[in-house]
Amino acid sequence: MTTQEHEAVTELLARSHRLGADPRNTNYAGGNTSAKGTATDPVTGGEVELMWVKGSGGDLGTLRPAGLAALRLDRLRALREVYPGVAREDEMVAAFDYCLHGKGGAAPSIDTAMHGLVAAPHVDHLHPDSGIALACAADGEALTKECFGEQVVWVPWRRPGFQLGLDIAAVQRAHPQAIGCVLGGHGITAWGATSEECERNSLRIIRTAEEFLQRRGRAEPFGPVREGYAALPAAERRERAAALAPVVRAIASADRPQVGHFTDTDEVLDFLARAEHPRLARLGTSCPDHFLRTKVRPLVLDLPAGAPLEQAVARLKELHEEYREEYRAYYERHADEASPPMRGADPAIVLVPGIGMFSFGKDKQTARVAGEFYVNAINVMRGAEAVSSYAPIQESEKFRIEYWELEEAKLRRMPAPKPLATRVALVTGAGSGIGRATAARLAAEGACVVVADLNAEAAEEVAAELGGSDRAVAVTVDVTSEEQIREAFRAAVLAFGGVDLVVNNAGISVSKPLLETTVRDWDLQHDIMARGSFLVSREAARVMIEQGLGGDIVYISSKNGVFAGPNNIAYGATKADQAHQVRLLAAELGEHGIRVNGVNPDGVVRGSGIFAGGWGAKRAAVYGVPEEKLGEFYAQRTLLKREVLPEHVANAVFALTGGNLSHTTGLHIPVDAGVAAAFLR
């Protein structure tokens, strides 16, 4: 019987999914569950006791069989006899590998001992806000007793590891009536004889704690609203957040580039409006899962919501310098010769009263989850302050977790980042053709992508194909509208923190002889492509300069910007305009580290929105070939005799932005399979 087929595993996965689906039960990727059972040893043919437990990483709500570690219980429990003590308990994690049963599965986590040493067939370890509120209250032990009586036992703070597993196992033996325990500064653990009983006990602890905090708690645990610190109206709040986002991202990215996420939920805004938020924020988070993602404490702007924007920006920069100095001092207070190097002194969470919270990480999901964890921390503070006072674990213990060698080893095991990781790209005309292919290539190389198109449905479709809101968002934009372009960039910075890479691809084509080309034709062609590219580049430059992280602007120009062909005055002239914009902006923006380059395609017929919209038929008529043969016709007139596809243009965009041409600006790359008349001179 395989792991996937075992009844205990089926029950474990179902229980994990139910528990993980409700954020009241545990945070994203937080906690772990286990089940014990017997299986046939494939070597001896005899029965062997096994434990299946959620492995390192992963999330309960989406747990799959491959995310479980399967261990032999006899070997795991035999480790008690060779345990070298607390000072060397980290060595036990490597020993878990020698307890594994079979091939595959996840690496055992630090919490494996907790599950294996507790003498119950099913165990849940969770991080519910209500449980952590009791765990982080100044008199948490007495409150736990008051809340649960003898059914739930208090376990003082101990760093996760083998000794904590021994402690919990001892608690279970000494309190046979107990259904679980509250772990000081950490979370809860529950157990049961069946999967159903274990889940019921977990939920009983969580819901009982919630009801206790609600019943016993005072009305305003964060104090009264401070004058001037209440939330701004929604529209004003979002506009202010968008104005601040590039500056805040620069703050979070001083050591290494980061992707951002913005949150303005009621929990965040209420916390920041209240008198006690500066004191509580400075105390930092407590649960290990929290501060591993949010850092030891956030950066908090100490100005009212209505402060002038320039004042807020200046103060954020001052606070950033103070934050970096304090973080270095924190590291130096606790680091020793065995500590990993400092990973960076920038904040992961930036709180702005009246506006909301900016959170940061190596990708959008990490940034979003960091924000979710800080909301968890706010809920914990609220619960603890409602019945007592918030008392997180000591700073030295936080450092031990943050710079734990086991965490460092986990970071070293992570795959190398993709070339465009942490970069945010905005592609115009991304709903079809070259723009669609470019958006897909940039996303595949690690970028977060803003899919901008006049066709809202097409933009949404592409964004969904790229992986949804953690990878891509759709914006509807007419590039002839200054306001719509500004709104597109506002959406981009609120979604991902900023913009690093812009591709000017939106366009149409009017193919007529000179005498048939109307002023309206001329103006429409130039409004969309020449004027539109100018407007998009201007807004991109504003954001990039504020970020101070450099950037890339790429124009999808055309061989027609160089080559003079018949019946093409409006299109050819505007492409020449775009081509010279590349040179002009490269000369102007270089001092800000912004590189401006272009790509000159030709004959991109398949998948092209322009060709499908009538341009193909007109060009086919000019050349005297059937429209369905136009791609072949273009290919045969090239030196390489190859048809150019949207993906080939996307490849050129990546070549310009992927890092290997970091010292190149003002360049046009032909992607036309070789059109000698369009060679650049």
Side-chain angles (χ1 to χ4, degrees), residues 12-13 15-16 19-20 25-36 50-61 63 67-73 75-77 79-80 83 86 89-97 99-100 105-128 131-132 135 155-172 180-192 198-199 201-202 205 286-293 373 393 397 400-402 404-407 409-410 413:
L12 173 61
L13 293 174
R15 179 172 100 238
S16 301
L19 291 170
N25 299 335
T26 200
N27 39 41
Y28 176 82
N32 28 69
T33 52
S34 67
K36 302 177 180 75
L50 300 179
M51 178 181 74
W52 295 272
V53 60
K54 194 197 92 168
S56 181
D59 174 59
L60 286 178
L63 187 61
L68 297 172
L71 302 97
R72 287 183 52 144
L73 270 177
R75 296 184 66 82
L76 179 61
R77 288 172 174 169
L79 293 178
R80 289 178 294 200
Y83 174 50
V86 174
E89 70 172 335
D90 288 358
E91 298 172 17
M92 303 305 288
V93 174
F96 295 155
D97 289 344
C99 305
L100 293 171
S109 78
I110 190 65
D111 288 319
T112 298
M114 178 195 305
H115 292 267
L117 299 180
V118 169
H122 299 267
V123 178
D124 293 336
H125 169 58
L126 304 170
H127 300 152
I132 303 174
V155 177
W157 161 258
R158 185 181 291 282
R159 188 175 62 155
F162 201 85
Q163 186 61 53
L164 181 59
L166 290 171
D167 292 349
I168 296 174
V171 163
Q172 189 208 22
C181 53
V182 171
L183 311 180
H186 189 163
I188 70 164
T189 297
W191 47 77
C198 185
E199 182 177 359
N201 289 341
S202 292
I205 294 172
S286 184
C287 175
D289 265 28
H290 292 180
F291 59 77
L292 280 173
R293 291 165 173 81
F373 271 77
I393 61 176
E397 287 297 293
R400 289 181 68 208
I401 297 289
E402 185 177 358
W404 201 354
E405 177 53 34
L406 294 176
E407 286 294 331
K410 189 186 295 185
R413 289 196 301 268

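Here the structure is a predicted model, which means the values were calculated and not measured.
- Contact of the Phe162 side chain with the Val86 side chain is not registered, since no non-hydrogen atoms from C-beta on lie closer than 4.5 Å.
- Between Lys54 and Asp124 there is no salt bridge, since no side-chain nitrogen of the basic residue lies less than 4.0 Å from a carboxylate oxygen of the acidic one.
- Between Trp157 and His186, the angle of the ring planes lies from 30° to 60°, which puts this pair in the tilted group.
- Considering CG of Leu50 and CZ of Arg72, their distance stands at 8.0 Å, rounded to 0.5 Å.
- A side-chain donor-acceptor contact under 3.5 Å links Asn201 to the backbone of Trp191.
- Scanning both residues, Ser16 and Thr33, for their nearest heavy atoms gives OG-OG1, 2.7 Å.
- Side-chain atoms of His127 and Thr26 include no donor-acceptor pair closer than 3.5 Å.
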- request: Please lay out, stage by stage, how Leu71 and Trp52 fare under the test side chain to side chain contact (heavy atoms under 4.5 Å, CB included).
  value: CA-CA 7 Å; Leu71 302 97; Trp52 295 272; over 6 Å; no
message: Show, in sequence, the C-alpha distance, side-chain angles and deciding distance for Thr189 and Met114, and conclude whether the side chain to side chain contact (heavy atoms under 4.5 Å, CB included) test is met.
response: CA-CA 9 Å; Thr189 297; Met114 178 195 305; 3.3 Å; yes
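- Shown here is Arg75, whose CZ atom has no more than 12 heavy atoms of other residues, nucleotides or ligands within 6.0 Å.
- Under the 4.5 Å side-chain criterion, counting only non-hydrogen atoms from C-beta, Ile110 is in contact with Val93.
- Residues Gly187 and Ile132 approach most closely at CA-CG1, 4.0 Å, considering heavy atoms.
- Contact record, Ala120 with Gly192: CB-O, 4.1 Å, taken as the closest heavy-atom pair.
- Gln163 contributes no side-chain N or O that, together with a main-chain N or O of Glu89, makes up a donor-acceptor pair within less than 3.5 Å.
- With Thr112 contributing its side chain and Pro108 its backbone, the two residues share no donor-acceptor pair below 3.5 Å.
- In this structure, CG in Leu76 is found 8.5 Å from CE in Met92, a value given to the nearest 0.5 Å.
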task: Could you check Leu117 against Arg77 for side chain to side chain contact (heavy atoms under 4.5 Å, CB included), going step by step and ending with a plain yes or no?
output: CA-CA 6 Å; Leu117 299 180; Arg77 288 172 174 169; 4.2 Å; yes
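- Contact between Ile188 and His125 at its shortest, heavy atoms only, is O-ND1, 3.0 Å.
- Pairing each heavy atom of Tyr28 with each of Phe373, the nearest pair is O-CZ, 3.1 Å.
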- request: Evaluate side chain to side chain contact (heavy atoms under 4.5 Å, CB included) for Leu68 paired with Val53, printing each intermediate quantity in order.
  value: CA-CA 5 Å; Leu68 297 172; Val53 60; 6.0 Å; no
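- The nearest pair of heavy atoms linking Ser286 to Gly185 is OG-O, 3.7 Å.
- Judged by distance alone, with hydrogens and angles left aside, the side-chain atoms of Lys36 form a donor-acceptor pair with the main-chain N or O of His115 at under 3.5 Å.
- Distance alone, capped at 3.5 Å, places no donor-acceptor pair between the Glu199 side chain and the Arg15 backbone.
- Atom-to-atom distance recorded for Leu126:CG and Ser202:OG is 5.0 Å, nearest 0.5 angstrom.
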